[in-house]
Enquirer: 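Sharing a structure below in structure tokens format, with a few things to ask.
Computed from a prediction, not measured in an experiment: that's the story for all the values here.
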Amino acid sequence: MLDIKYIITNLDLVKEKTARRGAEFDFDTLLALDEERKKLILEGEELKQKRNEFSKSFPLIKKQGGDVETAQKEMKQVSERIAALDKELADVQERQRGMLLTLPNLVDDSIPVGKSEEDNTLYRDWGVKPSLAFEPKAHWDIAESLGLVDFERGTKVAGARFSAYKGMGAKLERALINFMLDTQSSRGYTEVMTPFLVNAASMTGTGQLPKFEEDAFKCERDGLYLIPTAEVPVTNLYAGEILDEADLPIKHCAYSPCFRREAGSHGKDVRGLIRQHQFNKVELVKFVKPEEGWKELELLLSDAENILQLLGIHYRVMTLSTGDIGFTSAKTYDIEVWLPGQDCYREISSCSCFMDFQARRANIRYRKPGDKRLDFVYTLNGSGLAVGRTFVAVLENYQLPDGRISVPEVLRPYLGGAEIIG
RNA sequence: GGAGAGGUGGCCGAGUCAGGUUGAAGGCGUACGACUGGAACUCGUAUGUGCGUGAAAGCGUACCGAGGGUUCGAAUCCCUCCUUCUCCGCCA
């Protein structure tokens, strides 16, 4: 959420940056609501002052035997007027907040301007495409033939886009989770394990609501949502709090399953593990001082990349264009891993700086010791990494001519020393 | 799920059972100043957030878990909800 005062004083800039995303927004109505809001506050507070003054003098007047009844009657009317104004004000404020919650974040000037993912630009890459001396298989074939994933039975128990890992497949998934958590912990991220169901306030805080309700699984009876990413519970851990500057940066890593409806993805990636309604992810979340936000984004990206480097898998980093970047983000890097079985790069991590956009929604502030005023923190997050897709990448990049999988060096301690799967 | 007791400022804790100048006593903590060679102790002063207004100082207004009600006036009375603790039941 953007600051209404900032919008008013920087209207042209905000309009231009919103347009750069290709987003539409009715700024005129927003500003009119703000005028209305101020008018109502002014009139209401004048009347409240009047009422307060009377209330203070009331006991005195009564003591002196003065006429109280006329004033009482008058004050009753004043109170009724105040109540009406307050109600109107609450309505205007709610409408204004409702609008502000649907206005996307300002894009950073460093990101490419464009209409879609076609306009994303290469930031850097690492490693090289493996040159396999045989025709690489897709992960679903490998997983099926080695008995690592049972797609059919997963679908039987839950439906399409659900699968069941088994045997070494289940162990490999678990190994990846532990490997990622251990690695990120050793790089200064404090591990947290948070609820997998969250309330609407949390979903609003990180920006999934109100605009993207249809993407989430919801428990209607309880008003709870299955998290689409650990970003939601972890970021909202500090909602409404005032942090000490000395505690910043706060860095967390968290494992969680992620649940997504994948609305609008019908017929896309129907085979394999790439697009599931439920997948595992290790998420990185940071709360930092504004002046350190951009530096921290680069560090966050490095921490995510590090996992693929340790696994020895080729990838590239893309800077998302204004047409592809998410609603809440000011700047996002996607890490795309190379998948030989599908002969393409696939997103395996998304690292974003939200500036104070989420902090404003979730009301996360911090206090500087010397400075009296409070300031919103910057929040950042990124996958470190998406586990399911890492599983896919390991299978496709480490497949052997005989159909088996050689286990990446760093994962062997997590698999009882196993060097080969199959 | 049942019964009971609570939720007040950074923390502790009065005030609620007699509604009125209570943003809220007192203490702790913190900051600054005085004292000191330096420190402890002691003393003094200050110490919430949002919003409106203003160049600023300031002034005004709201907030005592959340929301609603009664009243000229609510931290205080009434209702609903959330949450914490204790006991019972159930359960991994």
Enquirer: For nucleotides 69-81 of chain B, give me one character per nucleotide, 5' to 3': B if any protein heavy atom sits under 4.0 Å from the base, S if the only such contacts are to the sugar-phosphate, - if neither.
Expert: ---BS--------
Enquirer: Would a line drawn from the ring center of A:F259 to the ring center of A:F196 be shorter than 6.0 Å?
Expert: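 Centroid separation for A:F259 and A:F196: 6.0 Å or greater.
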Enquirer: Once you apply a heavy-atom cut-off of 4.0 Å, does A:K5 come out as touching a base, just sugar-phosphate, or nothing?
Expert: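 If one applies the 4.0 Å heavy-atom cut-off, A:K5 turns out to touch the sugar-phosphate alone, with no base involved.
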Enquirer: For A:Y366 and B:G10, what is the distance between atoms OH and P respectively, to the nearest whole Å?
Expert: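 Spelled out: OH on A:Y366 to P on B:G10 is 19 Å.
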Enquirer: Using 0.5 Å steps for rounding, measure from the CG atom of A:N381 to the CD atom of A:E231.
Expert: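 Rounded to the nearest 0.5 Å, the CG-CD separation comes to 4.0 Å.
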Enquirer: What integer number of Å spans the P atoms of B:C63 and B:G9?
Expert: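 Between the two P atoms, the distance is 15 Å.
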Enquirer: Listed by chain and number, what are the side-chain hydrogen bond (donor to acceptor under 3.5 Å, both in side chains) partners of A:E305, not counting sequence neighbours?
Expert: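 For A:E305, the residues satisfying side-chain hydrogen bond (donor to acceptor under 3.5 Å, both in side chains) (neighbours in sequence not counted) are A:R124, A:Y315.
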Enquirer: Between atom CG in A:D3 and atom C1' in B:G50, what is the gap in whole Å?
Expert: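 Answer to the nearest Å: 12 Å.
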Enquirer: Looking only at non-hydrogen atoms, find the nearest pair between A:T206 and A:S202 and report the distance.
Expert: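 Smallest heavy-atom distance, with atoms named: OG1-O, 3.1 Å.
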Enquirer: I want to check one thing: is the phosphate of B:A62, taken as OP1 and OP2, less than 4.0 Å away from some side-chain N or O of A:N52?
Expert: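 Looking at the OP1 and OP2 atoms of B:A62, one of them is under 4.0 Å from a side-chain N or O of A:N52.
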Enquirer: Decide if atom CD of A:E69 counts as having more than 12 heavy atoms of other residues, nucleotides or ligands within a radius under 6.0 Å.
Expert: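 Open.
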Enquirer: Using atom P of each nucleotide, how far apart are B:A66 and B:G7 to the nearest Å?
Expert: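 It works out to 13 Å between them.
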Enquirer: For A:E43, enumerate each residue passing the salt bridge (Lys or Arg N to Asp or Glu O under 4.0 Å) test, keeping only those at least two apart in sequence or located in another chain.
Expert: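 Residues passing salt bridge (Lys or Arg N to Asp or Glu O under 4.0 Å) with A:E43: A:R81.
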Enquirer: For the pair made of CG in A:D86 and P in B:U61, what is the distance, rounded to whole Å?
Expert: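 Those two atoms, CG and P, are 13 Å apart.
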Enquirer: Would the number of heavy atoms belonging to other residues, nucleotides or ligands and lying under 6.0 Å from CD of A:E152 be above 12?
Expert: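 Not more than 12 within 6.0 Å, no.
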Enquirer: Measuring to OP1 and OP2 of B:U49, would you say a side-chain N or O of A:R365 lies under 4.0 angstrom away?
Expert: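 Looking at the OP1 and OP2 atoms of B:U49, neither is under 4.0 Å from any side-chain N or O of A:R365.
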Enquirer: Write down the distance between NZ (A:K87) and C1' (B:G68), rounded to a whole number of angstrom.
Expert: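 Atom NZ in A:K87 sits about 12 Å away from atom C1' in B:G68.
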Enquirer: Whole angstroms only, please: what is the CZ-C1' distance between A:R361 and B:G50?
Expert: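 In whole Å, B:G50 C1' and A:R361 CZ are 19 Å from each other.
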Enquirer: Between A:L89 (CG) and B:C63 (C1'), how many Å, whole number?
Expert: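 Result: 14 Å.
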Enquirer: Looking only at atom P, what distance separates B:U71 and B:U16, rounded to whole Å?
Expert: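 B:U71 and B:U16 have their P atoms separated by 24 Å.
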Enquirer: When the P atoms of B:A24 and B:C78 are considered, how many whole Å apart are they?
Expert: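 These two P atoms come out 26 Å apart once rounded.
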Enquirer: When rounded to the nearest Å, what value does the distance between C1' atoms of B:G4 and B:A25 take?
Expert: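 It works out to 30 Å between them.
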Enquirer: Take atom CD of A:E241 as the centre, draw a 6.0 Å sphere, and report whether it contains more than 12 heavy atoms from other residues, nucleotides or ligands.
Expert: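 Counting other residues, nucleotides and ligands, CD of A:E241 exceeds 12 neighbours.
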Enquirer: Could you measure between the two P atoms, the one in B:G52 and the one in B:A57, and give it in whole Å?
Expert: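 B:G52 and B:A57 have their P atoms separated by 16 Å.
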Enquirer: I'd like to check the side-chain hydrogen bond (donor to acceptor under 3.5 Å, both in side chains) partners of A:R51; sequence neighbours left out, ordered by chain and number.
Expert: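 By the side-chain hydrogen bond (donor to acceptor under 3.5 Å, both in side chains) rule, A:R51 matches A:S79.
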Enquirer: For nucleotides B:U42 and B:U36, find the distance between their C1' atoms and express it as a whole number of Å.
Expert: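 The answer is 12 Å between these two C1' atoms.
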Enquirer: Counting the benzene-type ring for Trp, do A:F357 and A:Y378 have ring centres under 6.0 Å apart?
Expert: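 For A:F357 and A:Y378, the ring centres are not under 6.0 Å apart.
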Enquirer: Would you say CZ of A:R153 has more than 12 non-hydrogen atoms from neighbouring residues, nucleotides or ligands within 6.0 angstrom?
Expert: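 No, not enclosed.
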Enquirer: Which ones in residues 37-48 of chain A lie close to RNA chain B, meaning a heavy atom under 4.0 Å from one of its atoms?
Expert: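 Within residues 37-48 of chain A, the residues near RNA chain B are A:R37, A:K38, A:I41, A:L42, A:E45, A:K48.
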Enquirer: Other residues, nucleotides and ligands only: do more than 12 of their heavy atoms fall within 6.0 Å of NZ on A:K171?
Expert: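 Incorrect, the count does not exceed 12.
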Enquirer: Give the ring-plane orientation class for A:F162 versus A:F217, where under 30° counts as parallel, over 60° as perpendicular and anything between as tilted.
Expert: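 Correct class here is tilted.
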Enquirer: Does B:G48 have OP1 or OP2 sitting under 4.0 Å from an N or O in the side chain of A:R367?
Expert: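 The answer is no; no side-chain N or O of A:R367 sits under 4.0 Å from OP1 or OP2.
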Enquirer: Give each stem of RNA chain B as a range with a range, requiring at least 3 consecutive Watson-Crick or G-U wobble pairs whose two distances are under 3.5 Å.
Expert: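 For RNA chain B the paired stretches long enough to count as stems (3 pairs minimum) are B:1-7 with B:82-88, B:10-12 with B:26-28, B:29-34 with B:42-47, B:48-53 with B:58-63, B:65-69 with B:77-81.
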Enquirer: When the P atoms of B:G27 and B:G44 are considered, how many whole Å apart are they?
Expert: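 These two P atoms come out 10 Å apart once rounded.
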Enquirer: Nearest heavy atom decides the nucleotide; on that basis, is A:K56 or A:Q49 closer to the 5' end of RNA chain B?
Expert: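 Of the two residues, A:K56 wins.
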